[in-house]
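Just so we're on the same page: letters track the sequence lines, and every chain starts at 1.
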Number of protein chains: 2
Amino acid sequence: MVISLKDVAKRAGVSVKTVSNVVNGYRHVTPATRQRVQQVIDELGYRPNLTARHLRKGRTGIIALALPELGNPYFAELANAVINYAAGLDYIVLLDPTNGRRDQEILFAQGFRARLIDGLILSPIELENEDLLARGHDAPLVLLGEREYEAPHDHIAIDNVAAARTATQHLLDLGRERVAFIGARQGRSRQPAHLRLRGWREVMSETAAGGGDDLVATTDGYGREDGAQGMARLLDSGAAPDAVFCYNDVVAIGAMRTLAERGLRVPEDVAVVGFDNIEDGRYCSATLTTIAPHKQAIAEAAVDALLSRLDGAEEEKEAAPRHVRPGFALIRRESTLGRP
Amino acid sequence: MVISLKDVAKRAGVSVKTVSNVVNGYRHVTPATRQRVQQVIDELGYRPNLTARHLRKGRTGIIALALPELGNPYFAELANAVINYAAGLDYIVLLDPTNGRRDQEILFAQGFRARLIDGLILSPIELENEDLLARGHDAPLVLLGEREYEAPHDHIAIDNVAAARTATQHLLDLGRERVAFIGARQGRSRQPAHLRLRGWREVMSETAAGGGDDLVATTDGYGREDGAQGMARLLDSGAAPDAVFCYNDVVAIGAMRTLAERGLRVPEDVAVVGFDNIEDGRYCSATLTTIAPHKQAIAEAAVDALLSRLDGAEEEKEAAPRHVRPGFALIRRESTLGRP
DNA sequence: CTGAAAGCGCTTACAG
DNA sequence: CTGAAAGCGCTTACAG
């Protein structure tokens, strides 16, 4: 049988209001009353019904985090950070994999799970600007990852172009000349992949090798296998890269696997830089140099932005959309060992 | 402004019951009425308030999945499988990292988030039998991973001893003689790590090397760094292993990193077997041989078990606790290349 | 096939 | 400091 506030109140000989006060730790309850009520609560094993509280308060304390997938350690690590940080602020996180599919992203963007979640952090892949505009203005939405949307939402993203430039320049500074890029998905042009490609192109176009497509391997996805195949195509094409900047670390890990299979050494024959700084990168046969977005800062900025819309002062809630740019760092490891 | 059923009913000129019927797709509504109501719903942008539904139905359609952490790809992959499988059955999954801490595990086991979740799948690390018994019988609980609990709960776990025997025997079949084990945590004796150690010991004790502690590196945790350090200690101790069976794949990846740093080749100098079959294992410099628990089967068995307690026929709900043992397979890759 | 009404278990003005 | 009562927005017997 389920125990309600009323049961506790009856047994303790007080009103439900008083029990509620005790449960919620409000002052203005005499110690004697508090103790008596608490004892009955323990005796009966009463637990507040969260769904009733949610209905009454119009809030659930639940926020959703919609990410492409957990199979990519970057997202898994980010999810971990968001969940733990939010928990410290008494918010529960509902994790929803979108599988990078537009229909799923639209679902979330447009107010799926109405009133079950107070707000949403969404890391879109395929979502378009128009999908966002069609949104039946519901719970606050924070966008994660650099996309160029015009919709009025808070946005958390590092500067992908600058990061890509940093990575590419690092490879050039090593004395490499034919620096390739793996990972620009075909199609939509506003995705982070294209921003990273743009950064690469900006730097490479000023070199002898140029920023042409011969040194670019476009992939369909962003997984290990995509990296392995992209590297293989690059090698087969005769592009003869002596370095490669990969869209992310798992793509880089896939690429390094292909290099190993072809008997090429990292970094002697081909230097490699990834992106994300996932833990695996520190345990590869050649540990992986990478761009490290400040993951914790991203997680905190996203949650803070959302909660300021939820719990902030009125002027904070109504403030213009903010664009937060957490920092990044180049972390140098064995895969780019060399002179500088 | 928030639109309620009542608003829709008023505007459509019907009762709330009828709107509810339309929203929930019940038959017994004339097509004309249905259409009219649907139109008003679209016009007003009405979305059912899930929290009200939850309170009324006494059910939320949410189940919790409490795992140690998402940083280990095995758990991330498993979480993905559970979330997707549950979604197909119209259940939402709330993911809760316990960080492998007993206090957190107790929290969940004992009915945290009462009535917000319909049931719980818990993968315990430190939880003790007594913690489970103290449980104020709340939502159904399914245990994941092989622990020897006496409490009456459904339990999903592969046969760890058999799997460990398979892995160890595989290394012996290769002609290796000094097969080490990395990963048995000190302390509690009922954890999977000890079952895997037991499997290793059973097989090794019949060999010349024996199943003694000289070939065992105990670790505090189950991460990459634990594997790296465990391998280093094994090497420094003079145990001179020519093969190693690791508690899991990330431990194995850490161990392989140490081997590379010491200039030892895999598998020529030291053959390696992991456990979990995480995707990373297919992209190591020597791809990793591993025990592959049937992850999808585990996810499905866990969800099915829980839902049968929730939605099953009466005799199913009351059935004695079930112990489901999904299968496993040895997946052979480069890290144990060799004769057989 | 549709309506009027009760009630899920809380919290919160409103009184006292 | 405490109580009696309304109401959050649904669903569901109960009537008709």
Side-chain angles (χ1 to χ4, degrees), chain A residues 1-38 40-41 44-62 90 111 113-118 138-139 311, chain B residues 1-38 40-41 44-62 90 111 113-118 138-139 311:
Chain A
M1 179 219 153
V2 179
I3 315 295
S4 74
L5 262 192
K6 200 153 55 162
D7 301 320
V8 176
K10 200 177 299 170
R11 177 86 155 245
V14 297
S15 77
V16 293
K17 170 73 155 70
T18 303
V19 181
S20 175
N21 283 344
V22 172
V23 169
N24 292 293
Y26 294 154
R27 68 259 91 181
H28 304 319
V29 183
T30 51
T33 310
R34 180 184 302 282
Q35 200 188 346
R36 183 153 37 93
V37 171
Q38 190 57 55
V40 175
I41 287 176
L44 263 41
Y46 166 74
R47 297 181 174 272
N49 180 325
L50 262 28
T51 67
R53 187 178 288 173
H54 293 165
L55 175 59
R56 178 57 229 236
K57 301 190 82 153
R59 291 290 217 81
T60 60
I62 302 176
D90 288 325
R113 295 185 178 160
R115 280 157 260 257
L116 169 57
I117 59 171
D118 293 342
D138 241 321
D311 302 323
Chain B
M1 178 221 156
V2 179
I3 314 294
S4 75
L5 261 192
K6 202 155 50 164
D7 301 318
V8 176
K10 200 177 299 171
R11 175 87 155 245
V14 297
S15 77
V16 294
K17 170 72 155 69
T18 302
V19 181
S20 175
N21 283 344
V22 171
V23 169
N24 292 292
Y26 293 152
R27 67 258 92 181
H28 305 318
V29 183
T30 51
T33 310
R34 179 184 303 280
Q35 202 188 344
R36 181 153 40 92
V37 171
Q38 190 57 54
V40 174
I41 289 177
L44 264 39
Y46 166 74
R47 297 181 174 272
N49 181 325
L50 261 30
T51 66
R53 188 179 286 174
H54 294 165
L55 174 59
R56 178 55 230 238
K57 301 190 81 154
R59 290 288 217 80
T60 61
I62 302 176
D90 289 323
R113 294 185 179 160
R115 268 147 262 286
L116 169 58
I117 59 171
D118 293 342
D138 240 321
D311 302 322

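The side chain of A:Y46 lies closest to C:dC10 when the candidates are C:dC10, D:dT11, C:dT11. Listed candidates were C:dC1, C:dT11, D:dT2. Nearest to the side chain of A:T30 is D:dT2. Nearest to the side chain of B:R56, among D:dG3, C:dT11, D:dT11, sits D:dT11.
Between the CG atom of B:L55 and the P atom of C:dT11 there is a distance of 12 Å, rounded to whole Å. A straight line from CZ of A:R59 to P of C:dG9 spans 24 Å, rounded to a whole angstrom. Nucleotide D:dC8 holds its C1' atom 16 Å from the CD1 atom of B:I3, rounded to whole Å. Rounded to whole Å, atom P of C:dG9 lies 21 Å from atom CZ of B:R113. Note: CG (B:L5) to P (C:dC8) measures 19 Å, nearest angstrom. The CG atom of B:D7 sits 13 Å away from the C1' atom of D:dC8 (whole-angstrom rounding). Rounded to whole Å, the distance from NZ on A:K6 to C1' on D:dT2 is 18 Å.
In terms of heavy atoms, A:N24 sits closest to A:R53 at OD1-NH2, 3.8 Å. Minimum heavy-atom separation, A:I62 to A:L116: CB-O, 3.7 Å. Across all non-hydrogen atoms, the minimal contact from A:R113 to B:L50 is CA-CD2, 3.5 Å. The two residues B:L44 and B:I3 make their nearest non-hydrogen contact at O-CG1, 3.5 Å. Among all heavy-atom pairs drawn from B:R115 and A:T51, the shortest one is O-CG2, 3.1 Å.
B:T33 comes within 4.0 angstrom of sugar-phosphate atoms only, judged by non-hydrogen atoms across all strands, and of no base.
Of the N and O atoms on the side chains of B:N21 and B:T18, not one donor lies less than 3.5 Å from an acceptor on the other residue.
Between B:N21 and C:dT2 there is no side-chain polar atom (N or O) within less than 4.0 angstrom of OP1 or OP2. Look at B:T18 and you won't find any side-chain N or O under 4.0 angstrom from OP1 or OP2 of C:dC1. A sub-4.0 Å separation between OP1 or OP2 of C:dT2 and a side-chain N or O of B:Y26 is absent. Within the structure, every side-chain polar atom (N or O) of A:S4 is placed at least 4.0 Å from both OP1 and OP2 of C:dG9. At the phosphate of C:dT11, OP1 or OP2 sits under 4.0 Å from a side-chain N or O atom of A:S20.
At a threshold of 4.0 Å, the pair A:K57-A:D118 does not count as salt-bridged, since none of the basic side-chain nitrogens sits closer than that to a carboxylate oxygen.
Judged by closest nucleotide on DNA chain C, B:V14 is the one of B:V14 and A:R53 placed further toward the 5' end. Nearer the 5' end of DNA chain C, as judged by each residue's closest nucleotide, is the contact made by B:K17, out of B:K17 and A:A52.
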For DNA chain D, the expected dot-bracket line (Watson-Crick or G-U under 3.5 Å, [ ] crossing, | inter-strand) is |||.||||||||.|||
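Once rounded to the nearest 0.5 Å, the distance linking NE2 of B:H54 with CG of B:N49 reads 9.0 Å.
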